[in-house]
Amino acid sequence: MRISELSRQTGATPRALRYYEEQGLLRPARRSSGYRDYDARAVQTVRHIQLLLSAGLGTTAIGEILPCIVDGTTVLAPTCPELLDALAEERSRITKSMAKLAEARGILDQLIGARANPR
DNA sequence: GTTCTAACA
DNA sequence: TGTTAGTA
């Protein structure tokens with residue numbers, strides 16, 4: 001299928017799909033016309049990319065994790081250690097971010113003279 | 001009409 | 001990422 005079709009099936013813009021390729025996340029074949037030619041598998045791959053992206057992982061991390069994903073239905077399977085490793089790393093990153101945000105909120109609470117949980 | 005690459009009022 | 005330009 002061509003880029004517009006994959007875009008339609010995944011919701012990713014053609015621009016994003018080309019970007020994923022630049023990052024080595026996708027390797028579509030090329031037609032004699034120069035147009036990218038994606039196989040059906042690409043749909044699943046893009047969904048995996050979107051999932052990992054929404055988890056806060058960067059394209060470089062995703063590039064390392066992607067090959068560890070089993071061609072199951074929707075989600076991924078913690079196969080190789082690299083995957084668990086990268087995911088655990090990202091998780092601790094998030095935990096640290098949450099701590100900083102909580103601090104920032106605490107300061108704002110004082111400045112505002114607010115109660116514990118002002119939305 | 002669609003896609004491609006490259007580049008940025 | 002969007003978007004636009006100039007092509008193939």
Side-chain angles (χ1 to χ4, degrees):
Chain A
M1 70 184 89
R2 289 181 309 188
I3 199 167
S4 61
E5 176 61 13
L6 180 60
S7 173
R8 190 185 68 69
Q9 288 190 41
T10 62
T13 64
R15 174 76 165 83
L17 294 174
R18 296 189 187 101
Y19 177 67
Y20 296 161
E21 182 181 353
E22 274 182 37
Q23 302 304 299
L25 274 32
L26 244 36
R27 327 208 58 91
R30 291 282 182 157
R31 295 182 171 176
S32 57
S33 61
Y35 290 6
R36 271 164 267 252
D37 194 19
Y38 301 91
D39 50 67
R41 298 186 50 196
V43 177
Q44 288 296 308
T45 302
V46 173
R47 287 181 178 153
H48 287 151
I49 291 173
Q50 295 176 317
L51 176 69
L52 294 170
L53 236 31
S54 66
L57 295 177
T59 53
T60 56
I62 295 177
E64 301 174 336
I65 292 175
L66 221 45
C68 296
I69 297 178
V70 178
D71 53 335
T73 47
T74 309
V75 199
L76 33 75
T79 312
C80 49
E82 281 93 333
L83 189 154
L84 292 175
D85 214 64
L87 296 183
E89 221 176 283
E90 178 58 21
R91 187 183 188 289
S92 67
R93 233 198 65 190
I94 290 176
T95 299
K96 290 174 185 173
S97 292
M98 289 176 74
K100 288 193 174 184
L101 288 172
E103 259 187 70
R105 184 180 59 181
I107 293 173
L108 290 174
D109 283 348
Q110 290 193 306
L111 293 174
I112 297 172
R115 41 288 173 189
N117 298 302
R119 188 173 352 215

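Proteins come first, then strands; the chains are lettered A, B, ... in the order of their sequence lines, and each starts at number 1. These figures come from a predicted structure and were not determined experimentally.
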A:Met1 CE to B:dT2 C1', in whole Å, measures 16 Å
Rounded to whole Å, OH of A:Tyr38 lies from C1' of B:dT3 at a distance of 10 Å
Practice problem: Examine distances only and state if a side-chain atom of A:Asp37 and a backbone atom of A:Pro28 form a donor-acceptor pair shorter than 3.5 Å. | Solution: no
**Prompt:** Would A:Glu90 and A:Arg93 satisfy salt bridge (Lys or Arg N to Asp or Glu O under 4.0 Å), going step by step from the backbone distance to the final call?
**Reply:** CA-CA 5 Å; A:Glu90 178 58 21; A:Arg93 233 198 65 190; 3.4 Å; yes
| Does CZ belonging to A:Arg30 count more than 12 external heavy atoms closer than 6.0 Å? | yes
Besides A:Met98, the hydrophobic cluster formed by Ile, Leu, Val, Met, Phe, Trp and Tyr side chains linked at under 4.5 Å, directly or via other members, contains A:Ile94
Note: contacts of residues 18-31 of chain A with DNA chain B (heavy atom, under 4.0 Å) are A:Arg18, A:Arg30
Margin query: Is there a side-chain contact between A:Arg36 and the phosphate of B:dC4, meaning an N or O under 4.0 Å from OP1 or OP2?
Written below: yes
Rounded to whole Å, the CG-P distance (A:Leu6 to B:dT2) equals 17 Å
Tell me, yes or no, whether the heavy-atom count around A:Gln23 atom CD, taken from other residues, nucleotides or ligands under 6.0 Å, exceeds 12. yes
Here the salt bridge (charged side-chain N to carboxylate O under 4.0 Å, His left out) pairs for residues 51-64 of chain A, sequence neighbours left out, are none
A:Asp37 atom CG is separated from B:dC4 atom P, nearest whole Å, by 10 Å
If you restrict it to nitrogen or oxygen atoms, what contacts under 3.5 Å exist between nucleotides 3-8 of chain C and the protein, and what is each distance?
{"unit_1": "C:dT3", "atom_1": "O4", "unit_2": "A:Arg15", "atom_2": "NE", "d": "3.0"}

Each base of DNA chain C marked ( ) or [ ] if paired in-strand (Watson-Crick or G-U under 3.5 Å), | if paired to another strand and . if unpaired gives .|||||.|
Note: A:Thr59 and A:Leu25 closest approach over all heavy atoms is O-CD1, 3.6 Å
Using atom types as modelled, flag every donor-acceptor pair under 3.5 Å from a side chain in residues 5-12 of chain A to any protein atom, sequence neighbours excluded.
{"unit_1": "A:Glu5", "atom_1": "OE1", "unit_2": "A:Arg8", "atom_2": "NE", "d": "3.3"}
{"unit_1": "A:Glu5", "atom_1": "OE2", "unit_2": "A:Arg8", "atom_2": "NH2", "d": "2.9"}
{"unit_1": "A:Glu5", "atom_1": "OE2", "unit_2": "A:Gln9", "atom_2": "NE2", "d": "2.8"}
{"unit_1": "A:Ser7", "atom_1": "OG", "unit_2": "A:Ala12", "atom_2": "O", "d": "2.7"}
{"unit_1": "A:Thr10", "atom_1": "OG1", "unit_2": "A:Leu6", "atom_2": "O", "d": "2.8"}
{"unit_1": "A:Thr10", "atom_1": "OG1", "unit_2": "A:Ala12", "atom_2": "N", "d": "3.2"}

Residues A:Arg2 and A:Tyr38: closest non-hydrogen pair is C-CD1, 4.1 Å
